[in-house]
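Notes follow once the structure below has been shown.
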Amino acid sequence: MTAALMTRPTTGAGPTRRVRPGPVVAALVALGVGYRLYLILSGMPPTNSDEATMGLAATHIAQGRGFPAFFYGQHYMGTLEAYLAAPLFVLFEPSSVALRLPLLPVYAVFCYVMYGLVSRLYSRWFAVFVVGLLAIGSDAVVHSQVSAGGGYPEIKPIGAGALLIAVWLGSGGGRTARVRLIGYAGWGVLAGLALWVDWLILPYVAAAGLVLVFGCRRQLLGWPGLVLVAGVLAGAAPSILHHVRPGVAAQSLDTMLHLSGGGQASVWDRVYGGLLLGVPLGTGLCGPGTCEGWPLALGAAYPLLLLLAAGLAIAAFRTASGFHGERVRQAGRLALVAGGALTLLAYVRSDAAGLTPTTSVRYLTPLLLSLPAILWPLWTAAARLRRASLRDPRPLAGAGMVAILAGSMLAPTVALLRDAPRGQVVAREERALVDALHGLGVDRFYTEYWTCNRLAFATDEGVVCAALHDDLSPGHDRYLPYRAILEATPNPAYVLPIGSVHERAIAQRLADRGVPADVTDVAGYRVYRPAHPIR
């Protein structure tokens, strides 16, 4: 009785309750899902032809017309998003909203997996803080989470899940052999999905694989290893079945090597676009397409932060000799560092970092997985603030940096919310263009890449189009049957953005050949209907 009384608070306010991390995480995830749902319903970020191509694949799957393994027009980047959206397309009519809605649970899973991973590698309340940062998001971050442009939303939970399972298994998780076998199978499936969906996440999956080998090398020689391999084959089955066709595998590899190579952009442009500009854009510190001021310094400091995180993990790994679980934990921290370093290195080596840094920043979307690794030293410094002496500035500096980073990630979120009405404006303009084409009787036309599949998807393939290059030669058509239809059309129209290179070229072609044409301007586009074909 006395002991019971001594454990109760003596204040008159009644028993106190400690805040638990679980409900806070649930509230943060709900906030993040609600924020993204609002943006999706607002049409933000505006859709484009890449996302529309995935929508066309989902439409064809829902109608049973085809079951593509990869993005139309290429042999990499799997169509998992199309298969997730296809059931909604069966129940409702195809739309950008229906295409994006399945990505909300994918985002929620990512947040919960990150909470589990960060809790196991660092601490629970630090994991809550990380989930809070993942709940907000700039234009670049949200675009890679709610736009079904191919692979970017789902690779993050795949990478985080692979590392979480590796650390769990390596630390002796699972009470029975059956549960552990399920864990090995799950890891294999995630690794296989990474091979199919998008190779961008492979640095993190490879690092997770090394953690798994370090923690479970003896078990992997038996049934767990066979189960793991079976899981990899199951997850990668769509890719394997696609690439067994003659010549496809070599073509896919050549394409990936070309994308990862550099040569056209200068070294400085690639370093600036990939590191100084890419890191703050990719981690959500900057507004849409722009980045100025101190966030650029984070890009310069990012390699140093990775080195610091690696040094701390290595030191802790060495001191944990004899404690296998702790060494696996530190190996997991090193995996986050290695994944981030390899991702950044691969991006900086590519021409995309130097030539199109703002539009190609999506290639850095996996860096969100390394966010805990670079923030942990600052978090631990801030945690010492209460008991630090006035002569020690490190805790105050750590707390200040954490607050600045959080505030800098929140500011673009507010800006994106303010910009959300623009999505409805873009949607109205697209509807006006579609209505005008319907009124003019134009349903077969040439246009440019960023218009073609977007209009085809918006009209449920009520219009058919083909893309043109700047010189009016055949452009990049992802779905080749459309081009065949256009080539069989006696006198197709031309629908081009007013003032674009394509529009000026077609006007000049008509003038040079003396071909009259009916011209109609609507919603920023100019519709040419020539009296005679001008192929």
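Computed from a prediction, not measured in an experiment: that's the story for all the values here.
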Donor-acceptor pair, distance only, cut-off 3.5 Å: does the side chain of [X] make one with the backbone of [Y]?
{"X": "Thr459", "Y": "Val463", "result": "yes"}
{"X": "Ser138", "Y": "Pro412", "result": "no"}
{"X": "Asp351", "Y": "Ala265", "result": "yes"}
{"X": "Thr365", "Y": "Arg362", "result": "no"}
{"X": "Ser144", "Y": "Tyr152", "result": "no"}
{"X": "Tyr83", "Y": "Phe67", "result": "yes"}
{"X": "Arg483", "Y": "Ala467", "result": "yes"}

Task: Residues that Asp435 engages under side-chain contact (heavy atoms from CB on, under 4.5 Å), provided they are two or more places apart - done: none

Open item on the list: Among residues at least two apart in sequence or on other chains, which ones pass side-chain contact (heavy atoms from CB on, under 4.5 Å) with Ala135?
Closed with: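 If we apply the side-chain contact (heavy atoms from CB on, under 4.5 Å) test to Ala135, skipping adjacent residues, the hits are Tyr107.
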
TODO: Could you list the residues that satisfy side chain to side chain donor-acceptor pair (under 3.5 Å) with Arg526, not counting sequence neighbours?
DONE: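 Arg526 satisfies side chain to side chain donor-acceptor pair (under 3.5 Å) with Glu503, Asp521 once adjacent residues are dropped.
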
Open item on the list: Please enumerate all residues that pass side chain to side chain donor-acceptor pair (under 3.5 Å) together with Arg529, with sequence neighbours excluded.
Closed with: none

Can you find a side-chain donor-acceptor pair between [X] and [Y] that sits under 3.5 Å?
{"X": "Ser266", "Y": "Asp269", "answer": "yes"}
{"X": "Asn48", "Y": "Tyr449", "answer": "no"}
{"X": "Tyr363", "Y": "Ser350", "answer": "no"}

Got a salt bridge between [X] and [Y], using NZ or NE/NH1/NH2 to carboxylate O under 4.0 Å?
{"X": "Arg100", "Y": "Glu51", "result": "yes"}
{"X": "Arg65", "Y": "Glu461", "result": "yes"}
{"X": "Asp419", "Y": "Arg422", "result": "yes"}

Would the number of heavy atoms belonging to other residues, nucleotides or ligands and lying under 6.0 Å from [atom1] of [X] be above 12?
{"X": "Arg513", "atom1": "CZ", "result": "yes"}
{"X": "His438", "atom1": "NE2", "result": "no"}
{"X": "His476", "atom1": "NE2", "result": "yes"}

- [ ] Could you pull out all residues at least two apart from Cys111 that satisfy disulfide (SG to SG under 2.5 Å)?
- [x]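 In terms of disulfide (SG to SG under 2.5 Å), with neighbours along the sequence ignored, Cys111 is linked to no residue.
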
Open item on the list: With ring-ring contact (aromatic ring centres under 6.0 Å, His included) as the rule and sequence neighbours excluded, what pairs involving residues 477-513 come up?
Closed with: His60-Tyr479, Tyr72-Tyr479, Tyr446-Tyr494, Tyr479-Tyr482

